[in-house]
Amino acid sequence: DSGVTQTPKHLITATGQRVTLRCSPRSGDLSVYWYQQSLDQGLQFLIQYYNGEERAKGNILERFSAQQFPDLHSELNLSSLELGDSALYFCASTAGWGTQNTGELFFGEGSRLTVL
Amino acid sequence: AQSVSQHNHHVILSEAASLELGCNYSYGGTVNLFWYVQYPGQHLQLLLKYFSGDPLVKGIKGFEAEFIKSKFSFNLRKPSVQWSDTAEYFCAVKYPYNFNKFYFGSGTKLNVKP
């Protein structure tokens with residue numbers, strides 16, 4: 001158990017719909033990262049937050065948005081869903097910043113999204 | 001652009017064979033390096049990491065990796081693989097002075113035949 005919690009574990013929805021994926025980082029971790037893993041694209045970095053502020057953006061579509069709340073949990077919102085959005089969405093967290101950071105990312109078990 | 005390359009996408013080995021998975025990164029500044037493993041149906045777990053010091057790092061389950069700065073490489077090795085090593089392996093690079101950005105390679109699927 002990494003200490004990172006993601007909900008829901010599985011989600012099936014239809015094209016055009018909107019879903020929200022939730023992530024609770026490890027206790028005390030300030031940084032949250034979101035990744036998308038699909039069969040043909042590998043592990044793609046979406047977005048990173050640190051203590052409520054967006055720090056880096058990767059290959060995140062405009063239909064997707066995210067935020068990190070004051071209690072440090074994060075939500076990834078996916079809207080106008082398409083078949084190609086079917087994937088495993090991972091959240092990861094890490095502690096501290098800069099030289100205080102112990103280094104590695106701790107991953108949650110992922111949310112598997114199926115768009116029909 | 002900063003990137004991570006894993007040269008082998010799919011590797012098939014027999015038990016007891018030796019393993020080496022290649023990883024190269026593009027940026028020449030300060031980096032931290034990682035190997036993660038993802039067993040079927042599970043999340044990514046850390047195998048080993050390099051921050052500084054001895055460039056040969058040892059991880060869990062008999063894995064090790066060598067950081068060669070001049071080659072921008074961080075190859076993963078195991079002298080003798082087991083069937084239970086069947087998994088996908090990801091190399092990752094962190095840029096500690098660039099907002100701790102993490103980049104992952106495309107992954108290598110290892111299939112160990114019993």
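Quick note on labels: first sequence line is chain A, next is B, and so on, each numbered from 1. Worth knowing before you read on, the calculation uses all heavy atoms, side chains too, and leaves out hydrogens, waters and symmetry mates. These numbers come from a predicted model, not from an experiment.
Both the backbone and the side chain of B:Leu44 come within contact range of chain A, with heavy atoms under 4.5 Å apart. Within the 4.5 angstrom heavy-atom criterion, only side-chain atoms of B:Gln38, from C-beta onward, approach chain A. For A:Gln37, the part lying under 4.5 angstrom from a heavy atom of chain B is the side chain only.
Under the 6.0 Å distance and 45° angle rule, A:Arg55 does not count as a cation-pi partner of A:Tyr50.
Relative ring orientation between A:Phe69 and A:His73 is described as parallel, the plane-to-plane angle staying below 30° on a 0-90° scale split at 30° and 60°.
For an aromatic pair to be called close, the ring centres must be under 6.0 Å apart, and B:Phe104 with A:Phe107 satisfies this. Taking the centre of each ring, B:Phe90 and B:Tyr36 stay at or above the 6.0 Å mark.
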